[in-house]
Amino acid sequence: MSVFYITTPIYYPNARPHIGHAYTTVFADTLARYHRMIGDDTFFLTGTDEHGLKLQRAAEKKGVDPKTFVDEMVVYYKEYWKLLNISYDWFIRTTDDYHVHTVEKMISELHRKGLLYKDRYSGWYCASCEKYYSETEYEVVDDKPHCPIHKKPLEWLEEETYYFKLSEYRDFMLDVLEKTEIVYPKSYAVEVANRLKKEGLRDVSIARPKERVSWGVELPFDREYTVYVWFDALLNYISAIGYPDDLQRFNHYWPAAHHVIGKDILWFHTVIWFSVLKALDIPLPKKVLVHAFLVNRGIKMGKSAGNVISIEYMVDRYGVDGTRYILMRLMNMAKDVDVTQELFDNVYNTELADVYGNLIRRVGVLVKRKLKGRLEPTSVEQGIAEAIENALDSYSKEMERFDVSRALGTAIELLRKGNAYVNETKPWQQSDPSKSLYTLAELIRAATVMLHPVIPSTTSRTAESFGFPITTPKELRLGENGYTVKESPILFKKTG
RNA sequence: AGCGGGGUAGGGUAGCCUGGCAGCCCGCGGGGCUCAUAACCCCGAGGUCGGUGGUUCAAAUCCACCCCCCGCUACCA
């Protein structure tokens, strides 16, 4: 039995999750469900990143302490993931004791190894925000940097901080990016590698003075500082599976680690994360799966752009499974996908309602009407049997290449063949349509199994209605089991 | 500017690595079916495969140059 460990980024709970978070999370969930289905020992992790200045601020604004604030916010994440049927095995919060413990131990370890040093940090600072702004963040007015929020001039400020010797890992990183297949799709690895070659690697500040950022993990060796959030956050992937206290558990899952991330946080999950792991003598994860974004009229969805599609809206219109299906069917790791309601409606109506739902309905009705709901095992039409085997085969290949959209495409293609087969054999005219309908039931079973990781509630309903188990797509054993069709449900109501 | 991705019928895309009749989905036109969620099936129209030049018996596919679009460019999850 293989092991499969999959993670999402841990989300920053300063606002409720939207469809972008769902995109990432449903993708991870789909892969987790697929691996459970084929029998892998699967561990699926998600959670929240609860430290840092932004949360400190948000809490202050509401007049509550940060912990109270994140305690409230984290409920939303859990509720949304429950709504979307996210089958996580563990929900980590970076404020959890065991995680803080890991952070303290690891930062001390870096310190002990001499990989940290104290030095001056300087940059453009906004006193109102109490925050530094990078060159890409601030606005230039009259040749001078200004705060993008307060529109006031920034002041050049210096403070003491701790640096991590990231620069020592340049060659290591280049090797990893150019010679391994960890970063997927590969084009993202090339992007980072080119940037490394061109710009090199600078050491990175890993702490903040406590007077400025109090909401974080204190440096064990200098209580005047808190650990900067990215370091804190990245460690969730190992603290959640027992590092460093439960090495048996850690060693079991870690070699199978797959990090799902959006392309915006690629740099952190390659250069910084890999270097930290190397520094701690921990092997690298197996894969970093990077995806592009859903965009709305060409603009990345986000609060500031005001073009966010809410999870509620999607679920209201398409149901939970419909939402999950649409997201996964449109999933594209390499490039952004411009989405519209018309596109969503189209995918939902044609593929789920017309192709899948309607086939279930018509075959169900025929079996009940012509054969009193009972199908004994018999031979499967050869052409269809071959189509099923081919589809299952491609499906597994695509899923294992993390191409969920194409995997779904193979299921839909098979279902279209099913609909064509109904038209060809006209079971309603046959005196004994057993073979046709049994063939169709087997096709439906195969397609249902294929769709199961993405639309688990619906496929369970289909399996229940037709009386078959959801098993691994690797061993479907065609022609062995009969069916008792209890009902022929309408699975998806058309919309639009 | 550099780097990465992309420019294929009205829209969305596959194919490009490993040259050889340009495939699929939506939409559109016609036909069939009547088991089914006005669903399903079949047929058809529609393409200078961004441009120019080159390699080749043959180029969407390889090479060169150019144009256009998107993204990334470090402390921002």
Side-chain angles (χ1 to χ4, degrees), chain A residues 8-14 20-21 24 48-49 52 54 121 123 132-137 164 166 185-206 208 228-231 233-234 261-272 292-293 295 298-300 329-330 332 334-340 342-343 345-347 349-370 405-406 409 412-413 415-430 433 436-437 440 488-494:
Chain A
T8 70
I10 49 174
Y11 303 109
Y12 209 65
N14 59 344
H21 298 95
T24 309
T48 41
D49 175 14
K54 271 192 205 163
Y121 177 87
Y132 286 94
Y133 281 97
S134 70
E135 216 173 303
T136 48
E137 289 176 307
F164 169 57
L166 186 66
K186 186 88 182 178
S187 54
Y188 291 110
V190 173
E191 217 167 88
V192 177
N194 286 333
R195 213 173 115 193
L196 271 176
K197 278 189 235 175
K198 196 182 151 213
E199 301 172 25
L201 252 190
R202 297 202 296 272
D203 288 345
V204 56
S205 164
I206 201 173
R208 293 291 181 269
Y228 186 51
V229 281
W230 62 255
F231 182 78
L234 285 167
I261 63 165
K263 63 181 183 176
D264 54 335
I265 51 177
L266 173 64
W267 179 263
F268 283 87
H269 281 78
T270 49
V271 172
I272 295 179
F293 297 123
V295 295
I299 308 159
K300 182 190 169 186
R329 186 63 166 129
L330 298 177
N332 188 319
K335 52 187 173 185
D336 290 351
V337 179
D338 205 351
V339 300
T340 57
E342 196 190 355
L343 180 64
D345 282 357
N346 220 296
V347 169
N349 284 332
T350 44
E351 299 193 348
L352 286 182
D354 296 346
V355 175
Y356 182 61
N358 186 46
L359 182 66
I360 301 300
R361 175 81 168 155
R362 62 201 298 223
V363 171
V365 168
L366 284 165
V367 173
K368 286 213 294 186
R369 194 170 301 168
K370 301 286 291 190
S405 177
R406 281 199 187 215
I412 294 301
E413 197 185 353
L415 288 161
R416 286 185 202 277
K417 285 202 177 83
N419 274 313
Y421 182 75
V422 177
N423 286 39
E424 277 163 32
T425 57
K426 297 183 171 48
W428 59 91
Q429 284 181 2
Q430 296 180 44
S436 300
L437 293 177
L440 285 161
S488 50
I490 288 177
L491 297 173
F492 299 96
K493 271 198 173 153
K494 296 193 73 163

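Below, all heavy atoms of this structure are taken into account, side chains as well, without hydrogens, waters or symmetry copies. Every chain is numbered from 1, with letters handed out A, B, ... down the list of sequences.
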Query raised in the report: For the residue pair A/Lys494 and A/Ala353, what are the closest heavy atoms and their distance?
Result: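 Closest approach of A/Lys494 to A/Ala353, heavy atoms only: CG-CB, 3.7 Å.
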
With rounding to the closest Å, how many angstrom separate the [atom1] atoms on [N] and [M]?
N	M	atom1	value
B/rC70	B/rC26	P	30 Å
B/rG27	B/rA9	C1'	12 Å
B/rC25	B/rG19	C1'	27 Å
B/rG30	B/rG12	C1'	24 Å
B/rA60	B/rC16	P	14 Å
B/rG20	B/rC65	C1'	27 Å
B/rG7	B/rG51	P	12 Å
B/rC28	B/rU73	P	42 Å

Query - Ranges pairing with ranges for RNA chain B, where each run has three or more Watson-Crick or G-U pairs under 3.5 Å - result: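 Counting only runs of 3 or more consecutive pairs, the stems involving RNA chain B are B:1-7 with B:67-73, B:10-13 with B:23-26, B:28-32 with B:40-44, B:50-54 with B:62-66.
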
Query raised in the report: So what does A/Asp345 touch, heavy atoms closer than 4.0 Å: a base, only the sugar-phosphate, or nothing?
Result: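 No contact at all - A/Asp345 keeps every heavy atom at 4.0 Å or more from the nucleic acid.
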
Query raised in the report: Under 4.0 angstrom, heavy atoms only, what part of the nucleic acid is A/Lys370 near: base, sugar-phosphate, or nothing?
Result: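 Touches nothing.
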
Query - Nearest-Å distance for atom pair CG/C1', residues A/Leu196 and B/rU73 - result: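 The distance from CG of A/Leu196 to C1' of B/rU73 comes to 12 Å, rounded to the nearest Å.
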
Query - Protein-nucleotide distance (A/Lys198, atom NZ; B/rC72, atom P), rounded to Å - result: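 After rounding, the reported distance stands at 15 Å.
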
Test of understanding: with side chain to side chain donor-acceptor pair (under 3.5 Å), list the residues that count as partners of [X], not counting sequence neighbours.
X	value
A/Asn358	none
A/Tyr188	none
A/Thr270	none
A/Glu351	A/Tyr325, A/Arg329

Query raised in the report: Tell me the salt bridge (charged side-chain N to carboxylate O under 4.0 Å, His left out) pairs involving residues 416-429 of chain A, sequence neighbours left out?
Result: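 Qualifying pairs, neighbours excluded: none.
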
Could I get the full list of side chain to side chain contact (heavy atoms under 4.5 Å, CB included) partners for [X], not counting sequence neighbours?
X	value
A/Asn346	A/Thr350
A/Tyr228	A/Arg208, A/Trp230
A/Asp345	A/Arg317, A/Tyr318, A/Gln341, A/Asn349, A/Thr495

Report summary line: Quick tally for nucleotides 32-42 of chain B: nucleotides whose base has a protein heavy atom under 4.0 Å get B, sugar-phosphate-only ones S, the rest -, giving BSSBBB-SBB-

Query raised in the report: Tell me, for nucleotides 4-13 of chain B in 5' to 3' order, what letter each nucleotide earns: B for a base near a protein heavy atom under 4.0 Å, S for only sugar-phosphate near one, - for neither?
Result: S---------

Query raised in the report: Toward the 5' end of RNA chain B, which comes first, A/Arg406 or A/His269, by nearest nucleotide?
Result: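 Upstream on the strand: A/Arg406.
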
Report task. Please determine, for the side chain of A/Trp267, which listed nucleotide (B/rC75, B/rA77, B/rA74) has the closest atom? Result ->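 Ranking B/rC75, B/rA77, B/rA74 by closest atom to the A/Trp267 side chain puts B/rA74 first.
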
Requested in this report: Any side-chain hydrogen bond (donor to acceptor under 3.5 Å, both in side chains) involving residues 191-202 of chain A? Give me the pairs, sequence neighbours left out, ordered by first then second residue.
Outcome: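 Found A/Glu178-A/Lys197.
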
